[in-house]
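Quick caveat: nothing in here was measured; it's all calculated off a predicted structure. Note that ligands are numbered from 1 as they come in the structure, with each ligand's atoms numbered from 1 the same way.
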Amino acid sequence: MDKILVRGGKPLRGSIPISGAKNATLPAMAASLLTSDRVHLTNIPHLRDVTTMVELLGQHGCGITIDEKLGVEVDGAGVNNCRAPYDLVRTMRASILVMGPLLARHGHAEISLPGGCAIGSRPVDIHLSGLEKMGATIELSGGYIRASAKRLRGAIIPMNLVTVTGTENLMMAASLAQGQTILENAAREPEVVDLANCLNRMGARISGAGSSTITIDGVDTLHGCTHAILPDRIETGTFMVAGAITGGDVTLTGADPETLTDPIIRLRECGVGIDTGPDWIRVRGPSRPVAIDLETQPYPGFPTDLQAQMMVLMTLAPGDSRIVETIFENRFMHVSELQRLGADIRIAGNTAYVRGVDHLLGAPVMATDLRASASLVLAGLVARGETLLSRVYHIDRGYERIEEKFLALGANIQRLSN
Ligand code: UD1
């Protein structure tokens with residue numbers, strides 16, 4: 001299994017391109033199941049989760065062409081299997097995104113229940129009750145969700161919690177339903193808007209994406225389209241923290257500052273210099289960051305997917321900071337690893353109390369989930385001495401060639417393969 005070795009202490013300098021967003025790519029690929037035409041997606045990131053989605057669509061019967069220019073074309077004409085097997089779903093929970101499209105176009109879907117994961121129990125009850133409101137029959141047996149419906153009907157669906165993939169699943173299903181669907185308390189994430197744009201290019205009639213009420217007027221068929229995936233705001237935020245924490249000067253190109261309004265405000269409060277243009281962000285790190293309090297919230301609030309990275313910044317900010325995780329109940333696994341590097345962090349319930357230390361000291365650490373592992377690389381970049389990160393496969397799920405991008409910024413980092 002690969003490891004990443006980081007020797008800390010070099011301020012990062014230079015410019016790197018931001019990749020397409022993983023969390024917009026996966027739903028757009030799933031949306032291709034809604035049509036028998038070809039859906040051509042560009043600006044696709046080269047990630048393990050994308051490969052898993054290619055595998056999943058392939059076993060459903062889709063034809064898939066990948067070009068060398070970060071494009072994927074999915075041909076859904078030959079779909080002949082509506083079962084998403086346990087072996088794929090357990091490696092990527094976002095596999096649940098094929099449920100809405102398969103049910104809407106083929107009348108049934110059989111999806112392995114995702115089960116627990118490192119960052120909490122993560123149920124899918126809101127996806128299921130929404131589909132039931134649209135007339136689907138849902139059964140759970142043998143570890144599988146079995147959903148069936150002759151044709152889904154439009155419905156008013158109030159969602160008691162903001163769920164990103166739940167909103168996406170229901171929006172895709174409703175696109176081919178008979179009549180109008182209204183999703184209330186919908187997720188407002190930019191990736192939801194990107195999916196709505198992609199679906200509208202396919203002939204769907206969706207309005208209100210980006211607000212908490214989304215209206216979908218169902219159509220009989222959808223057609224192919226070409227759609228460019230939006231930039232990854234979580235990758236962008238991760239490299240912004242990297243520039244900040246190393247006292248560096250980093251420019252991120254092909255980024256979308258509008259999707260990072262809150263993180264930019266919060267980083268400025270930490271003393272980080274940030275300039276933005278239409279598609280770039282320049283970050284200049286302070287000599288020492290300023291401690292701030294932070295609470296994760298659904299978009300447009302501070303993203304849970306950047307919580308671990310911000311915590312690393314706070315470990316070096318003189319004074320006290322309080323970080324509250326409101327989205328996932330068990331998303332502090334990075335804390336024990338950061339403590340091994342000398343961070344002073346105490347957890348009580350869903351709150352982490354961080355007291356800034358003078359410096360971190362390199363040590364062997366273990367990646368536990370995708371964003372937690374990115375935060376450990378950031379810690380390694382600023383820690384004195386060597387940090388050896390194992391279980392790097394977690395990072396490869398969501399960051400494209402992370403060590404190559406850091407190398408381009410002058411970091412002392414290498415991947416060790418064995
Ligand atoms: C998506 C993102 C993930 C991000 C998360 C929150 C993708 C592929 N993944 O995950 O990177 O961390 O949004 O921004 O886009 N919940 C329920 N019942 C449900 C659905 C969700 O109780 O049916 C709960 C979850 O357990 C969690 C909260 O709602 O506590 C939000 O989860 P959700 O937005 O659904 O996360 P994902 O869509 O899985």
Hey, does [X] come in under 3.5 Å of ligand 1, counting only N/O atoms on both sides?
{"X": "D305", "value": "yes"}
{"X": "R93", "value": "no"}
{"X": "N23", "value": "yes"}
{"X": "E168", "value": "no"}
{"X": "F328", "value": "no"}
{"X": "A94", "value": "no"}
{"X": "L161", "value": "no"}

Legend entry - Side chains of T304 and E325, donor plus acceptor under 3.5 Å: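 Side-chain D/A pair, T304 to E325: present.
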Ligand-residue contact atoms, ligand 1 with [X], heavy atoms, under 4.0 Å:
{"X": "T304", "answer": "6 (C), 12 (O), 14 (O)"}
{"X": "R331", "answer": "12 (O)"}
{"X": "H127", "answer": "23 (O)"}
{"X": "V162", "answer": "31 (C), 34 (O)"}

Inset, instruction - Using a 4.5 Å cut-off on heavy atoms from C-beta on, say whether the side chain of F302 contacts that of E295. - result: no
Legend entry - D369/R391 salt bridge by N-O under 4.0 Å criterion: no
Legend entry - Short N-O contact, R48 and D396, less than 4.0 angstrom: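 So R48 does not pair with D396 through a salt bridge.
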Legend entry - Of the listed options P123, G166, P303, closest to atom 20 (C) of ligand 1 (non-hydrogen atoms): P123
Inset, instruction - Just go through T163, N330, I234 and tell me whose heavy atom is the nearest to atom 35 (O) of ligand 1. - result: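 Closest candidate by heavy-atom distance is T163.
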Inset, instruction - Examine Y144 together with Y86 and report whether their ring centres are nearer than 6.0 Å. - result: no
Inset, instruction - Going by the side chain to side chain contact (heavy atoms under 4.5 Å, CB included) test, name the single residue among T165, N23, T167 that passes it with V192. - result: T167
Inset, instruction - Can you see which heavy atom on M53 is nearest to which on L26, and at what distance? - result: CE-O, 3.5 Å
Inset, instruction - Hey, could you give me each pair passing salt bridge (Lys or Arg N to Asp or Glu O under 4.0 Å) that has a residue in residues 184-195? Not counting sequence neighbours. - result: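 Every pair satisfying salt bridge (Lys or Arg N to Asp or Glu O under 4.0 Å) with a residue in residues 184-195: E191-R233.
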Legend entry - Residues forming a side-chain contact (heavy atoms from CB on, under 4.5 Å) with S32, sequence neighbours excluded: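 S32 satisfies side-chain contact (heavy atoms from CB on, under 4.5 Å) with V39, L57, V74 only.
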